Amino acid sequence: MTDTRLIHHVGVSAMEWLWAHRDGFRLEPDVDPEVGFLERFKPVGELALICGVLFREGVAGSRQAQLARQLLDHAWRETLDGGRMLVRGQRIEPFSPIPFEVYLPFKELGHSQPELEQATALNHRLDSWVRFPVNPTRRLGLSAFQRRFGLTARPPEADLVGTTWLARTPEPWTVEGHTAYDITHTVFHLTDWGESPDGLPPRIADYLATWLPVWIDDWLDLERWDLLGELLVVDACLPRPTLDERAWEGFAAAQQPDGAMPAVRTMPEGDPDTVFDMVYHPTLVAAFASVLATSRALTELARTPS
């Protein structure tokens, strides 16, 4: 098992970088709606999700928790204008699930935007909501989010699990980048982002326990840090995580002194906005993997007889 101090340090450093570069979580309010007004909302929603996990697990130090709270407040007040930008996005694309997906983690952390909630309740009743074209794993995630919001999931999550790639446990050597991300997000949705490892059906958990170490080794050797980070999260979602020492040491070594995590191999070059867009996600994933793995490591230590 990896030293929890190394795992924890990865998360602390990642939060420091995210706070220092908080202005990178920006929207493009003047962009033509026809070319994707909602595209820049995704990083904000991911930030809120990961901060929610950090608060939920309760293993962050005071500095890490403070930075997470400041980041959330900045994103809600400054980036989303108190939720009004989400309302604007919903008006521009009435049946897009993106405003709902971004809003939910903020709502769970105490923020409120009544107009968006009314629109969500109305849209949930429409067949267009159910028929909105998304892949099976995202559909599973939308149903999970509906449940967490307090709505009846349409379709029910139980009806969707079997439609995912992972549920069919195909030949493990066929996994490539896109498939691997599909696997990680299926696990995230089934476990409510690591909160409920028992949400993984036993057959899927057994499949992952067998093949996840192989995939982790592969992407570690390829220096695919963003994907490796997500696979380390999956490991922490299993009933018995391995917290692979070699993988965590390689992951930590890839992190930059300022806390940034490159997506692949080394840090990219370019103007600050371009670099932010390329590394914010692996850095968020580093924070996510760190807090979940730290929590699981402490749990495993508590189970070990003294």
Side-chain angles (χ1 to χ4, degrees), residues 1-16 49-61 64-65 68 166 172 175 180-181 183-202 204-256 259 261-263 281-306:
M1 182 184 293
T2 310
D3 186 343
T4 55
R5 290 171 297 183
L6 180 145
I7 297 175
H8 182 70
H9 180 72
V10 168
V12 173
S13 297
M15 293 302 294
E16 292 282 1
L49 267 173
I50 302 318
C51 287
V53 172
L54 186 147
F55 294 131
R56 182 193 75 207
E57 294 298 322
V59 295
Q64 202 175 3
L166 179 59
V175 173
Y181 280 111
I183 290 169
T184 61
H185 282 73
T186 300
V187 173
F188 299 164
H189 299 321
L190 289 175
T191 63
D192 277 339
W193 297 79
E195 183 175 13
S196 304
D198 292 343
L200 280 177
I204 292 178
D206 290 344
Y207 176 79
L208 289 170
T210 300
W211 295 110
L212 181 63
V214 179
W215 299 332
I216 285 176
D217 278 348
D218 280 348
W219 272 287
L220 172 61
D221 290 342
L222 291 170
E223 299 183 350
R224 291 278 300 272
W225 309 120
D226 185 66
L227 184 48
L228 177 63
E230 292 208 4
L231 293 172
L232 292 174
V233 174
V234 171
D235 176 58
C237 290
L238 295 180
R240 280 290 185 269
T242 65
L243 306 177
D244 184 273
E245 184 173 4
R246 176 174 175 264
W248 268 104
E249 288 179 350
F251 191 58
Q255 190 173 37
Q256 303 301 293
M261 181 68 75
H281 187 268
T283 305
L284 269 176
V285 168
F288 183 18
S290 169
V291 69
L292 208 57
T294 299
S295 180
R296 298 300 178 265
L298 294 176
T299 300
E300 291 299 310
L301 286 172
R303 289 175 177 167
T304 303
S306 56

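The structure presented is a predicted model; accordingly, all values stated were derived computationally and were not measured.
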Heavy-atom side-chain proximity of [X] to [Y] below 4.5 angstrom:
X: Leu208; Y: Leu166; value: yes
X: Arg296; Y: Leu238; value: no
X: Met261; Y: Val285; value: no
X: Leu200; Y: Tyr207; value: no
X: Pro201; Y: Leu190; value: yes
X: Val234; Y: Ile216; value: no

### Query
Using the ring of each side chain (for Trp, its six-membered ring), is Phe251 parallel, tilted or perpendicular to Trp225, with breaks at 30° and 60°?
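Rings of Phe251 and Trp225: tilted, 30 to 60°.
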Which heavy-atom pair separates [X] from [Y] by the least distance, and what is that distance?
X: Leu220; Y: Gly250; result: CD1-CA, 4.0 Å
X: Ala14; Y: Ala286; result: CB-CB, 4.3 Å
X: Gly194; Y: Leu292; result: CA-CD2, 3.9 Å

### Task
Under the side-chain hydrogen bond (donor to acceptor under 3.5 Å, both in side chains) rule, collect the residues that match up with Thr191, sequence neighbours excluded.
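With sequence neighbours excluded, Thr191 shows a side-chain hydrogen bond (donor to acceptor under 3.5 Å, both in side chains) to no residue whatsoever.
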### Task
Can you sort out the partners of His281 under side-chain hydrogen bond (donor to acceptor under 3.5 Å, both in side chains), two or more places apart, ordered by chain and number?
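Here the qualifying residues are Asp226.
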Indicate yes or no for a side-chain donor-acceptor contact from [X] to the backbone of [Y] under 3.5 Å, with no hydrogens or angles considered.
X: Thr294; Y: Ser290; result: yes
X: Thr299; Y: Ser295; result: yes
X: Trp248; Y: Leu232; result: no
X: Asp235; Y: Pro241; result: no
X: Arg224; Y: Trp219; result: no
X: Glu57; Y: Phe55; result: no

Rounded at 0.5 Å granularity, tell me how far [atom1] in [X] sits from [atom2] in [Y].
X: Leu6; Y: Leu243; atom1: CG; atom2: CG; result: 11.5 Å
X: Tyr181; Y: Leu231; atom1: OH; atom2: CG; result: 8.5 Å
X: Trp215; Y: Thr184; atom1: CH2; atom2: OG1; result: 10.5 Å
X: Leu212; Y: Asp217; atom1: CG; atom2: CG; result: 9.5 Å

For [X], which residues count as a side-chain contact (heavy atoms from CB on, under 4.5 Å) partner, sequence neighbours excluded?
X: Ser13; answer: His9, Gln255
X: Gln64; answer: His8, Val12, Met15, Leu54, Ala60
X: Glu195; answer: Arg56, Asp192
X: Pro213; answer: none

